[in-house]
Structures are given as structure tokens and as C-alpha cells.
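Some notes on the structure that comes next.
Protein chains get the first letters and strands the later ones, always in sequence-line order, with residue 1 at the start of each.
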Amino acid sequence: MVGWAIALHGGAGDIPMDLPDERRIPRETALRHCLDLGVSALKSGRHPLDVTELVVRELENHPDFNAGKGSVLTTQGTVEMEASIMDGKTKRCGAVSGLTTVVNPISVARLVMEKTPHIYLGFDGAQAFARAHGVETVESSHFITPENIARLKQAKEFNRVQLDYTAPTPNLPEVSGDSQIG
Amino acid sequence: TVGCVAVDSAGNLASATSTGGYVNKMVGRIGDTPVIGAGTYANHLCAVSATGKGEYIIRATVAREVAALMEYKGLSLTEAAAYAVEQSGPRGCCGLVAVSANGEVAMPYNTTGMFRACATEDGYTEVAIWPKN
């Protein structure tokens with residue numbers, strides 16, 4: 001055994017190399033903050049399940065990343081969040097999709113892993129399970145940021161779904177009646 | 001998409017991933033993040049969290065691929081993670097972070113950039129967006 005280690009990400013994509021400082025620096029600062037949080041949790045002997053949940057909750061709460069607050073929008077302008085968590089030793093795991101009001105979806109995924117015989121709950125069932133377990137919920141509007149409203153508008157103009165940070169490009173030829181690109 | 005993978009000094013591994021999905025996605029669309037083996041996976045060898053174009057990551061079962069390459073081909077975490085990203089689909093579709101039971105870290109991606117950070121017990125830390133060079 002060599003020792004503890006941790007890695008985290010805030011999404012990948014066509015992140016322009018000339019990203020302005022006012023957009024780059026808050027994200028780098030958040031990454032460093034979340035890394036420090038995870039490292040001190042590992043050093044204090046917390047289990048990696050607790051450490052990864054703690055770090056992802058922090059990232060979900062940061063509006064600059066596409067999860068929790070700051071989640072991107074569906075074609076209807078709504079938020080549908082999803083998450084999963086897995087323990088290596090036991091291979092126990094939990095996953096959720098279609099959450100619309102839960103502040104930290106990753107904690108609901110963990111509850112699915114620990115409180116049900118299942119692995120994956122989605123949409124109404126996942127929402128009801130979250131409510132039944134008293135996790136923090138807010139109005140869906142809490143998750144919608146002006147930046148993501150603008151990005152949805154842009155994506156619609158260019159008639160495409162957009163990867164986390166891919167800058168929109170002009171209209172792509174529609175294939176079989178709707179955009180086929182990710 | 002956001003994710004975190006961790007291993008403690010006893011070799012316990014875990015992975016967690018969370019996302020809002022794609023801008024302008026269809027209502028009801030499921031991505032790779034909640035699909036165990038695609039966007040998230042952990043076993044006794046490694047823990048993996050992926051990000052990118054979910055449809056490609058699901059088809060390539062990227063997270064499970066890293067563990068399988070280590071288990072059945074004896075690749076190191078770095079080799080297995082690089083191969084899984086390379087094989088996941090066209091340039092621009094995928095990135096991941098992974099740790100192994102012996103404290104190795106890998107953060108490959110085939111996109112322009114990936115918001116990422118890592119730290120190991122021997123004191124190494126990194127916070128980056130684009131390739132280091």
C-alpha cells in the first residue's frame with residue numbers, strides 16, 4: 001500500500017484556452033478548496049465513501065459547475081439532476097436520475113445504496129424516496145442560473161445539445177428530423 | 001458534471017459523480033453519470049469518475065473498462081485510463097479521474113480541457129484545466 005490519494009473533476013469539454021480570468025479563477029479556487037476538503041477528510045481517517053460524497057456535495061453547491069446548483073437545463077428549461085456513488089471493496093452502489101428539487105443528488109444516491117435493496121431510482125420514485133428520507137430540497141428555480149438560461153438559448157439557436165463547455169457553433173445539418181450530435 | 005475518487009491508506013476505494021447533464025437535452029434523457037460501469041465505477045483495484053458526452057461514455061462503458069484493463073490485461077492505472085479514454089470515441093468526447101488501490105492517480109482526457117485536481121500522500125498536488133505543457 002503506498003498511501004492515500006484523491007482526484008476530482010469539474011467537467012471536461014471544449015474549454016477555450018482564452019477563458020477569461022473572471023471565469024477561470026473562481027473555478028480553480030473552487031477546485032483547490034474541494035481538494036483541501038477531501039485531503040483533510042482522508043488525513044482524519046474518513047472512509048473514501050464519505051470523502052467522495054463530501055467533495056461532490058461541495059462541487060454540487062458551487063454554481064460554476066454543472067451539477068446541483070448550476071446544473072444545465074433541458075430543452076424545456078428545466079433541471080433534471082443525476083448522480084451515482086460506488087464502494088470498491090463491496091461493490092455496493094447507488095444511483096439516481098431525474099431529481100428536480102434535491103440540493104445534493106449525490107447524497108440521495110448514497111441513501112439508495114444504503115437504505116434500499118436497489119441500485120438505481122429515477123424521476124418520481126427518486127423524488128419521493130428523497131422526500132421520505134428528509135434530504136434538503138428547494139424550489140427548482142434555486143438551481144437555475146442566468147448563465148445557464150443564456151447557454152440554453154444559445155444551444156437552441158444553434159439547434160444542438162452542448163457539452164459542458166463547448167462553445168456553440170453554427171447550425172448543424174439536421175439528421176432524421178432532429179439534431180444527432182452530443 | 002463533477003466527480004471525485006479516493007483511496008485511503010488501507011486501500012479502500014470509492015467513486016462519486018453528479019451532473020445536470022447536457023445543455024438542451026431532451027426531458028427524461030439519462031447520461032453516463034448514474035450508469036454504474038459507464039460514468040462511475042469502483043472495485044478492489046481502482047475507482048473511476050468520467051465526464052463528457054454521456055452517450056459515448058455509456059457505449060464504451062468507460063469506467064468499467066479501466067478496471068477491466070487493469071484486472072485482465074495487467075495494465076497500470078495510467079495505461080488503462082489512457083487507453084479507455086482513447087477508445088471511448090472521437091476526440092472531444094471524454095475525460096476521467098481515477099485512483100488505484102496502491103495510491104496511483106490518473107486524469108486523462110481527449111477534450112480541450114478538464115477542470116481537475118488531485119493530491120497524494122507523498123505530497124504531490126495538482127490543480128489544472130488544460131494540458132500542463
Side-chain angles (χ1 to χ4, degrees), chain A residues 1-15 17 27-28 31-32 35 38-39 42 47-49 51-53 55-56 59-60 65-67 71-72 74-76 79-89 91 93 95-97 105-106 119-120 151-152 155-156 161-163 182, chain B residues 1-9 11-27 30-31 33-34 36 39-44 47 49 51-53 55-56 92 95 97-99 102-103 105 107 109 111-122 125 127 129-130:
Chain A
M1 205 21 233
V2 173
W4 57 258
I6 183 171
L8 57 98
H9 68 79
D14 187 9
I15 306 171
M17 304 288 265
R27 287 169 169 88
E28 284 179 346
L31 289 172
R32 189 171 300 284
L35 184 66
V39 168
L42 273 174
H47 189 281
L49 265 179
V51 174
T52 54
E53 180 187 3
V55 169
V56 169
L59 288 163
E60 286 173 335
F65 295 112
N66 170 21
S71 286
V72 295
T74 69
T75 193
Q76 303 292 325
V79 163
E80 291 185 352
M81 300 175 281
E82 47 196 21
S84 66
I85 191 166
M86 186 164 189
D87 174 48
K89 193 146 281 188
K91 287 199 187 165
C93 46
V96 288
S97 280
I106 193 62
I119 287 180
Y120 194 157
R151 286 172 68 188
L152 175 60
K156 280 178 178 285
V161 290
Q162 201 179 27
L163 185 58
Chain B
T1 306
V2 302
C4 182
V5 290
V7 59
D8 64 13
S9 306
N12 297 302
L13 286 149
S15 173
T17 315
S18 180
T19 188
Y22 257 142
V23 182
N24 201 23
K25 68 182 180 182
M26 290 174 68
V27 171
I30 304 285
T33 294
I36 297 295
T40 302
Y41 189 74
N43 68 0
H44 61 291
S49 173
T51 173
K53 292 185 180 175
E55 282 71 9
Y56 285 108
V97 295
V99 290
N102 59 12
V105 172
M107 303 191 288
Y109 53 93
T111 53
T112 309
M114 178 167 75
F115 292 105
R116 62 194 189 280
C118 71
T120 54
E121 188 162 0
D122 61 7
T125 63
V127 177
I129 299 174
W130 297 286

Heavy-atom closest contact ([X] atom, [Y] atom, distance):
X        : Y        : result
A:Tyr120 : B:Ile30  : OH-CG2, 3.2 Å
A:Val72  : B:Gly20  : CG2-O, 3.6 Å
A:Ala5   : B:Thr120 : CB-CG2, 3.9 Å
A:Asn66  : B:Gly21  : ND2-O, 2.9 Å
B:Met26  : A:Thr75  : CA-CG2, 4.2 Å
A:Gln76  : B:Val27  : CG-CG2, 3.1 Å

Turns out that what part of B:Ile36 lies under 4.5 Å from chain A's heavy atoms comes down to side chain
Report which part of B:Val105 has an atom under 4.5 Å of a heavy atom belonging to chain A: side chain, backbone, both, or neither. side chain
Rounded to the nearest 0.5 Å, how far apart are [atom1] of [X] and [atom2] of [Y]?
X        : Y        : atom1 : atom2 : answer
B:Met107 : A:His9   : CE    : NE2   : 11.0 Å
A:Glu28  : B:Ile129 : CD    : CD1   : 4.0 Å
B:Thr40  : A:Glu82  : OG1   : CD    : 10.0 Å
B:Phe115 : A:Leu8   : CZ    : CG    : 12.5 Å
A:Ile106 : B:Thr19  : CD1   : OG1   : 11.0 Å

If one checks every heavy atom of A:Leu35 against chain B at 4.5 Å, the contacting part turns out to be side chain
Chain B heavy atoms under 4.5 Å from A:Val39: which part of the residue, side chain, backbone, both or neither? side chain
Just give me the residue among [options] that pairs up with chain A most often, heavy atom to heavy atom, under 4.5 Å.
options                            : result
B:Cys118, B:Gly39, B:Ala117        : B:Ala117
B:Val127, B:Val5, B:Leu13          : B:Val5
B:Gly31, B:Ala47, B:Ser15, B:Ala98 : B:Ser15

Go through A:Ser97, A:Ala67, A:Ser71 and name the one with the most non-hydrogen pairs under 4.5 angstrom from chain B. A:Ala67
Do the side-chain N and O atoms of B:Ser18 and A:Glu60 include a donor-acceptor pair separated by under 3.5 angstrom? yes
What residues form a salt bridge (charged side-chain N to carboxylate O under 4.0 Å, His left out) with A:Glu80, not counting sequence neighbours? none
Backbone N/O of [Y] and side chain of [X]: donor-acceptor pair under 3.5 Å:
X        : Y        : result
B:Trp130 : A:Ile15  : yes
B:Asn24  : A:Leu152 : no
B:Asn12  : A:Gly88  : no

Please list, chain by chain and in numerical order, all residues satisfying side-chain contact (heavy atoms from CB on, under 4.5 Å) with B:Ala14, sequence neighbours excluded. A:Pro48, A:Leu49, A:Thr52
